[in-house]
Structure formats: C-alpha cells, structure tokens
Amino acid sequence: GSRVVVAQSGDGGRSWRSTAVPGLRPGLDLLRLVPGQEGAVYLLGGREDSPWAGGELTELWRHPAAGGTWSRVGDRPRPGSVGSVTPGRSGLLLTDEAGALWRLSPGGEFHRLPDPVVQGTPVRAGPLVSGPGGRTVSRPVGGAAGALLLVSADDGDSWLPTLVPD
C-alpha cells in the first residue's frame, strides 16, 4: 500500500530528514502541513468537499521538532471540518467551515473558543492569518460590512474589532 512520507528541515533548508507517518489511513483527498510551536509540525488529513472550505477533518498528527516520531493528536470533541488554520503561540488556531473558532493545544487537546463580538453581536471568523507581533487577524463572515478586521493578541481568547482606514 501507499504511505505518506514528510520531509522536514530544522536548519532553514540546508538539510532534510524524511519520516513516514505510520498509521495514517489511506484514501485521504487532502493533506496539509502546518508549522507548530518550537519547530513542531502538524499534518492535517481529510476528505474533500472543496479544498479546506468544508473539508472533513479525519486525521491530525504532530511531529516534534528534534527527533521523535509522528503521533496522532486531537481527540474529540474537535471540529468536524477545517476552514482555516494558522499557528499561534499557545497552539494551532482553526476555524471550521461555519467559522467557529478552535484551539489545538500543544498537548493535543481541542478547545472551542468564544465567538468574536462586534457591536454586541457574536460573529463568526473568516480565514485566519498570523499577523505581526504574534497577533492573529481575521475578517468576520456573513454580512459584516466595511473594512472591518478582527484582531487577537491572545491566540483567539478575545478579539478586537478594528476598522481599516481608507
């Protein structure tokens, strides 16, 4: 059968090490690598509805920075899909296809985060982006008009609605 092999570099690409991901189920349409904390890397695997917009999250693996082996992480409860993912200081931040926010801790546990609030109303987050100074930036989905961004300085625990000037 086929197997997934991932190459990673700990020295900026001067040298590479390949490792197989043992136990990864076959038949996954989507595989995505995401950098983690302190050189770790995550492998997200799923089945495709459309690329990471409604893609079902079926497999989640973590490999530590130096040595070590791949291990399955992210037991339930967890998001059933991945809309967006970005590394944070205290874990991976994800949105599911509906815009609900989740954090995957370095220990491999998912936590549902509160929805951002704009003018007293909870909103769902759009695609997540790692911003300057350890901030995470998103744009609300579903009718939040104007040039409004959501900015979090604490890995998604709280969000500051921020108008972008013209």
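Since the model is a prediction, treat every value here as computed from it, not as a measurement.
Cluster annotation: Trp159 is connected to Val118 through the hydrophobic network of ILVMFWY side chains, with a link wherever side-chain heavy atoms come within less than 4.5 Å. Residue Val137 is grouped with residue Val164 when hydrophobic side chains (ILVMFWY) are merged at heavy-atom distances under 4.5 angstrom, including chains of intermediate members. Trp61 and Leu33 end up in the same hydrophobic cluster when Ile, Leu, Val, Met, Phe, Trp and Tyr side chains are linked at under 4.5 Å. Note on Trp16 and Val6: separate hydrophobic clusters, where clusters join Ile, Leu, Val, Met, Phe, Trp and Tyr whose side-chain heavy atoms are under 4.5 Å apart, directly or indirectly.
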Requested in this report: Output, in order, the C-alpha distance, side-chain angles, deciding distance and verdict of side-chain contact (heavy atoms from CB on, under 4.5 Å) for Val34 and Thr86.
Outcome: CA-CA 7 Å; Val34 180; Thr86 192; over 6 Å; no
Query - Chi angles and distances behind the side-chain contact (heavy atoms from CB on, under 4.5 Å) call for Glu59, Leu24 - result: CA-CA 7 Å; Glu59 298 272 340; Leu24 185 68; 3.7 Å; yes
Report task. Go through Asp96 and Ser81 one step at a time and tell me if the side-chain hydrogen bond (donor to acceptor under 3.5 Å, both in side chains) criterion holds. Result -> CA-CA 5 Å; Asp96 63 20; Ser81 62; 5.1 Å; no
Query raised in the report: Which is it for Trp102 and Leu92 under the side-chain contact (heavy atoms from CB on, under 4.5 Å) test, yes or no, and what are the steps along the way?
Result: CA-CA 8 Å; Trp102 295 79; Leu92 290 183; over 6 Å; no
**Report entry** Criterion side-chain hydrogen bond (donor to acceptor under 3.5 Å, both in side chains) on Thr19 and Trp70, from CA distance to verdict
**Finding:** CA-CA 8 Å; Thr19 56; Trp70 287 97; 3.0 Å; yes
Requested in this report: Apply salt bridge (charged side-chain N to carboxylate O under 4.0 Å, His left out) to the pair Asp154 and Arg89, showing each step before the final yes or no.
Outcome: CA-CA 8 Å; Asp154 57 10; Arg89 289 188 303 249; over 6 Å; no
Report task. Could you walk me through whether Leu93 and Leu113 pass the side-chain contact (heavy atoms from CB on, under 4.5 Å) test, one step at a time? Result -> CA-CA 9 Å; Leu93 293 176; Leu113 299 174; 3.9 Å; yes
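Counting only distance, with no hydrogens or angles, the side chain of Ser152 and the backbone of Gly156 share a donor-acceptor pair below 3.5 Å. Side-chain N or O atoms of Arg78 include one that pairs as donor or acceptor with a backbone N or O of Gly74 at under 3.5 Å. Checking side-chain atoms of Asp155 against main-chain N and O of Gly88 turns up no donor-acceptor pair under 3.5 Å. Side-chain atoms of Ser84 come within 3.5 Å of backbone atoms of Leu128 as a donor-acceptor pair (strictly under, hydrogens ignored). Checking side-chain atoms of Arg32 against main-chain N and O of Gly46 turns up no donor-acceptor pair under 3.5 Å. For Thr136 (side chain) and Gly131 (main-chain N/O), no donor-acceptor pair under 3.5 Å exists by modelled atom type.
Scanning all heavy atoms of the two residues, the minimum distance from Ser130 to Pro87 falls at OG-O, 3.2 Å. Across Gly45 and Leu31, no two heavy atoms sit closer than the pair CA-CD2, 4.0 Å. In this structure, Arg139 and Leu148 approach most closely via the heavy-atom pair CG-O, 3.6 Å. Pro106 approaches Ser90 most closely through the heavy-atom pair CD-O, 3.5 Å. Nearest approach of Val141 to Gly126, heavy atoms of both residues: CG1-CA, 3.4 Å.
With contacts defined as side-chain heavy-atom distances shorter than 4.5 Å, the pair Leu160/Leu150 does not qualify. Using a 4.5 Å heavy-atom threshold, the side chains of Leu101 and Pro116 count as touching. With contacts defined as side-chain heavy-atom distances shorter than 4.5 Å, the pair Pro79/Phe110 qualifies. You'll find the side chain of Asp157 reaches within 4.5 Å of the side chain of Arg103, heavy atoms only.
Counting heavy atoms of neighbouring residues, nucleotides and ligands inside a 6.0 Å radius, atom CZ of Arg135 does not exceed 12 of them.
With sequence neighbours excluded, the residues that form a salt bridge (charged side-chain N to carboxylate O under 4.0 Å, His left out) with Asp115 are Arg112, Arg124.
Tested against His63 for a side chain to side chain contact (heavy atoms under 4.5 Å, CB included), the candidates Leu43, Val41, Val21 yield a single pass: Val41.
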